[in-house]
Every structure is written in C-alpha cells, then in structure tokens.
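Worksheet: one structure, shown below.
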Amino acid sequence: GAVVSQHPSWVICKSGTSVKIECRSLDFQATTMFWYRQFPKQSLMLMATSNEGSKATYEQGVEKDKFLINHASLTLSTLTVTSAHPEDSSFYICSARGSAVQNSPLHFGNGTRLTVT
Amino acid sequence: AQRVTQPEKLLSVFKGAPVELKCNYSYSGSPELFWYVQYSRQRLQLLLRHISRESIKGFTADLNKGETSFHLKKPFAQEEDSAMYYCALVSSETGANNLFFGTGTRLTVIP
C-alpha cells in the first residue's frame with residue numbers, strides 16, 4: 001500500500017534556529033500534500049495545502065513566513081519552521097494524496113515531535 | 001465554518017461489549033465524513049468513509065443528517081480495537097477538499 005515517510009520523528013532545537021521536516025511519498029506520486037499540527041489534547045489542525053510546483057495555500061492564522069513549505073517534486077514536500085520558539089513545540093504530521101480525484105484517500109506520515117527549548 | 005466534535009476523549013469497554021464512538025459535525029454544505037484510526041505506534045490510517053457505506057473490521061458508521069452525527073459502532077469490541085479514533089470531515093468550501101479532524105477518542109477494550 002501507499003506509504004508516506006516523514007523525517008525526523010522527533011527533533012529538539014534551540015529557540016531561534018530553523019528546523020526542516022520532510023514528507024516523502026515512497027511508492028506513489030503525491031499531487032497534493034497537507035501539513036497538520038496538533039497541540040496536546042487538541043485536534044489535528046490543518047496548516048497548509050501543498051501542490052507540486054506551486055505555492056502552498058495556508059490556512060487562516062498560519063504564518064507563511066514562519067512555516068515555509070516547499071513541494072519541489074511529486075514525492076517530496078518540506079516544512080521549515082523558521083526561527084523556532086517554544087510555542088512552536090508541537091506534533092507535526094503530513095499527509096499525501098496520490099490522485100487528483102476528489103476525496104481520494106489520504107496517506108499519513110508518522111509525524112514529527114518538535115520541541116523548542 | 002465546519003467543525004467536528006468528538007465529546008469523549010476516553011472510552012473503555014469490555015471485550016465483547018458493543019462500542020459507540022460519537023461524532024457530531026457542523027457544516028453548511030453536504031458533508032463527506034470519515035473515521036481514521038491510529039493503533040499504538042502506527043500511523044494514522046483511514047478506517048471508513050460514509051459514502052462507501054462499508055463495514056471495516058466490524059465497524060460501521062451511518063451519517064445522520066438530522067442529528068448531524070456520524071457515530072462509529074461495533075457490536076462486539078475486540079482487544080485489537082484499542083486505538084485512537086478520529087472523526088474527520090472534508091470541506092470543499094475552498095475547493096481544496098481539506099480534511100478537518102475532531103479531537104479524537106481513545107478506545108480501550110478491556111480483556
């Protein structure tokens with residue numbers, strides 16, 4: 001079945017540094033990738049939708065300059081948390097859709113636990 | 001705006017007992033609803049979708065537009081059903097078919 005690999009699984013960084021999270025579709029081409037974050041005891045919240053070769057679409061309230069998303073190929077999307085601060089500590093998870101067909105299944109990565117000290 | 005509510009954060013049932021995980025939604029359009037499951041140390045995966053009207057691993061979910069609910073049910077819980085369950089809704093308002101999740105319910109099936 002379709003597999004999405006997300007790396008790293010966890011990362012600890014110092015405040016002010018940048019962190020890059022990768023999301024790869026291993027055996028299919030992902031036309032669309034989604035990035036979510038989840039605070040403790042809260043729902044998975046969509047941050048942005050990433051389409052290959054075009055700019056990501058960010059949800060309201062998500063800072064574009066803070067969370068840089070690059071979808072350079074059909075198998076790779078990256079999320080870079082720039083100038084990270086402790087409040088950015090969260091669980092980030094990506095998902096990918098292999099088809100442009102409406103409501104085709106999403107495949108999820110295992111997530112990345114980011115801790116900013 | 002769309003919203004998905006799962007009122008129970010934790011749910012424990014005995015093996016063999018019926019289980020119902022509640023999900024209510026608010027959405028102005030015609031909803032597309034899903035249940036996702038995350039077993040321990042595994043990734044989130046699709047369990048079922050309402051348009052398929054299917055039964056997966058003994059689970060079913062019926063969309064009740066009058067009550068705006070999409071509760072997940074299984075007549076006889078098994079230990080391997082212990083997992084985190086998320087109800088989700090697809091919003092097509094922006095044309096991007098984004099998926100919005102509830103806060104999840106952790107189901108524990110007691111042997």
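By convention in this document, chain letters (A, B, ...) are assigned in the order of the sequence lines, proteins followed by strands, and residues within each chain are numbered from 1. All values below were derived from every heavy atom in this structure, side-chain atoms included, with hydrogens, water molecules and symmetry-related copies excluded.
The neighbour count for A/His7 NE2, taken as heavy atoms of other residues, nucleotides or ligands under 6.0 Å away, does not exceed 12. Within 6.0 Å of the OH atom in B/Tyr39, the count of heavy atoms belonging to other residues, nucleotides or ligands exceeds 12. Atom NZ of A/Lys55 is surrounded by 12 or fewer heavy atoms from other residues, nucleotides or ligands within 6.0 Å.
B/Gln6 does not touch chain A: none of its heavy atoms, backbone or side chain, sits under 4.5 Å away. Neither the backbone nor the side chain of A/Gln6 comes within less than 4.5 Å of any heavy atom of chain B.
A/Val81 and A/Ile69 fall within the same hydrophobic cluster, where Ile, Leu, Val, Met, Phe, Trp and Tyr residues are linked whenever their side-chain heavy atoms come under 4.5 Å apart, directly or through other members. Note on A/Trp35 and A/Leu114: same hydrophobic cluster, where clusters join Ile, Leu, Val, Met, Phe, Trp and Tyr whose side-chain heavy atoms are under 4.5 Å apart, directly or indirectly. Cluster annotation: A/Phe91 and A/Met47 are assigned to distinct hydrophobic clusters (Ile/Leu/Val/Met/Phe/Trp/Tyr, side-chain heavy-atom contacts under 4.5 Å, transitive).
Across B/Arg43 and A/Val3, no two heavy atoms sit closer than the pair NH1-CG1, 4.2 Å.
To the nearest 0.5 Å, the span separating CD on B/Gln38 from CD1 on A/Ile93 amounts to 6.0 Å. The CZ atom of B/Phe101 sits 9.0 Å away from the CG atom of A/Leu46 when rounded to the nearest 0.5 Å. Distance check: B/Leu44 CG to A/His107 NE2 gives 12.0 Å after rounding to the nearest 0.5 Å. Here OG1 of B/Thr103 is found 11.5 Å from CE of A/Met45. Values are rounded to the nearest 0.5 Å.
Two residues are said to be in side-chain contact when any heavy atoms from C-beta on lie closer than 4.5 Å; B/Phe100 and A/Glu59 meet this criterion.
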